[in-house]
Amino acid sequence: MPGFLKFSINDLTQAAVFAALIVVLGLPGQFNLAGGVPITLQTMGVMMAGAILGPKKGTAAVVLFMVLAIAGLPILAGFRTGTMALSSPTAGYFVGFLPGVIVIGVLTAFMMPRYNLWLGIGINLLGGVLVIYACGVAGLMLRTDISFTAAVTSNGVFVAGDVIKAVLAALVAAAVHRGRPGLIHPLRIRRSQFTQAAE
């Protein structure tokens, strides 16, 4: 089995804790604004999973959360299930949780072993906002007659809130990594890999 797919009990525990955190962040509910897209704190949980646990454990946490939601547990914001989310026009935003946490986790791992707050904010914005928005826009266009421009602009009202979530997630991640270094195994591209690719 590839090393990336091997999980220790500690890895699984951390992933389960963050899956539970994402659930808890949905308890305050949601606010539906333009286009029916819900504002929820669960996207901040996705950002924190990638920024604190990295690509392996962070992805496992989000996968566990999504599997439980699809299995029928009402753990999405507004007490929705995964099947309810997937059958709605906003399905892409839910699906986007997975590529979003992968992007954040991988890029954060390349940054480590020292977490840089400003770079962390940028990574959270890329994976937790742009990637999820891109999936959401694709979902809206597939499920409705909305145009690309309309789908993109419908996200405008959520940008400020998502920027705040990206900043808060990075602040929490920075504090956690200062207090408990080594949670994320640093990723490095060896020079030999470039040499082999060029040959």
Side-chain angles (χ1 to χ4, degrees), residues 7-33 36-88 90-105 108 115 117 120-121 123-129 131-133 135-136 155 157-180 183-184:
F7 290 87
S8 67
I9 296 299
N10 192 43
D11 292 340
L12 293 174
T13 300
Q14 292 175 14
V17 167
F18 270 78
L21 173 64
I22 299 172
V23 172
V24 170
L25 288 173
L27 293 180
Q30 65 186 39
F31 303 95
N32 293 312
L33 297 180
V37 180
I39 292 179
T40 167
L41 292 177
Q42 287 181 322
T43 51
M44 186 170 74
V46 173
M47 295 180 199
M48 290 170 61
I52 294 174
L53 297 184
K56 178 180 175 179
K57 295 178 289 185
T59 299
V62 172
V63 167
L64 176 57
F65 169 78
M66 294 179 74
V67 167
L68 292 174
I70 293 171
L73 295 181
I75 56 176
L76 291 173
F79 299 102
R80 297 181 304 154
T81 65
T83 52
M84 291 170 63
L86 291 174
S87 63
S88 73
T90 60
Y93 295 93
F94 174 58
V95 173
F97 282 9
L98 186 55
V101 73
I102 292 172
V103 168
I104 294 171
T108 302
Y115 190 88
L117 177 62
I121 292 172
I123 290 172
N124 289 346
L125 288 172
L126 176 61
V129 180
V131 169
I132 293 177
Y133 279 16
C135 294
N155 291 288
V157 293
F158 310 110
V159 173
D162 285 330
V163 169
I164 292 172
K165 286 184 277 187
V167 172
L168 290 176
L171 286 169
V172 172
V176 170
H177 288 303
R178 280 196 304 269
R180 191 176 177 185
L183 278 174
I184 298 178

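Model, not experiment: these values are computed from the prediction. Heavy atoms only: backbone and side chains are in, while hydrogens, waters and symmetry mates are out.
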* **Evaluation steps, side chain to side chain donor-acceptor pair (under 3.5 Å), between Asn10 and Thr13** => CA-CA 5 Å; Asn10 192 43; Thr13 300; 5.4 Å; no

* Closest approach of Met47 to Ala166 (non-hydrogen atoms, all atoms of both residues) -> SD-CA, 3.4 Å

* Could you check if a side-chain atom of Val46 sits within less than 4.5 angstrom of a side-chain atom of Phe65, using non-hydrogen atoms only? => no

* Closest heavy-atom pair and its distance - Ala170, Ile121 -> CB-CG1, 3.5 Å

* Atom of Ala69, atom of Phe94 and distance for their closest heavy-atom approach -> CB-CZ, 4.2 Å

* To do: Evaluate the criterion side-chain contact (heavy atoms from CB on, under 4.5 Å) for residue pair Val129 and Val163; output intermediate values, then yes/no.
  => CA-CA 8 Å; Val129 180; Val163 169; 5.9 Å; no

* Asked: If every non-hydrogen atom of Asn124 is compared with every non-hydrogen atom of Ala169, which pair is closest and at what distance?
  -> ND2-CB, 3.7 Å

* Structure fact -> Between Leu25 and the options Val23, Leu21, Ile22, Leu27, the side chain to side chain contact (heavy atoms under 4.5 Å, CB included) test singles out Leu21

* Do you know the tightest heavy-atom contact between Phe18 and Ala49? -> CD2-CA, 3.7 Å

* Hey, is the main chain of Ile75 close enough, under 3.5 Å, to the side chain of Gln42 for a donor-acceptor pair? -> yes

* To do: Show your reasoning for whether side-chain contact (heavy atoms from CB on, under 4.5 Å) applies to Ile184 and His177.
  => CA-CA 9 Å; Ile184 298 178; His177 288 303; 3.7 Å; yes

* **Nearest heavy-atom neighbours spanning Val131 and Gly100** => CG1-N, 3.7 Å

* To do: Taking Ser87 for its side chain and Met84 for its backbone only, find out whether a donor-acceptor pair lies under 3.5 Å.
  => yes

* Looking only at atom types and distance, does a side-chain atom of Ser88 sit under 3.5 Å from a main-chain N or O of Ala85, one as donor and one as acceptor? -> yes

* Report the C-alpha distance between Tyr115 and Arg178 in whole Å, list the side-chain angles of each, state the deciding distance to 0.1 Å, and finish with yes or no for side-chain contact (heavy atoms from CB on, under 4.5 Å). => CA-CA 8 Å; Tyr115 190 88; Arg178 280 196 304 269; over 6 Å; no

* Is it true that a side-chain atom of Lys57 and a backbone atom of Leu183 form a donor plus acceptor pair closer than 3.5 Å? -> yes

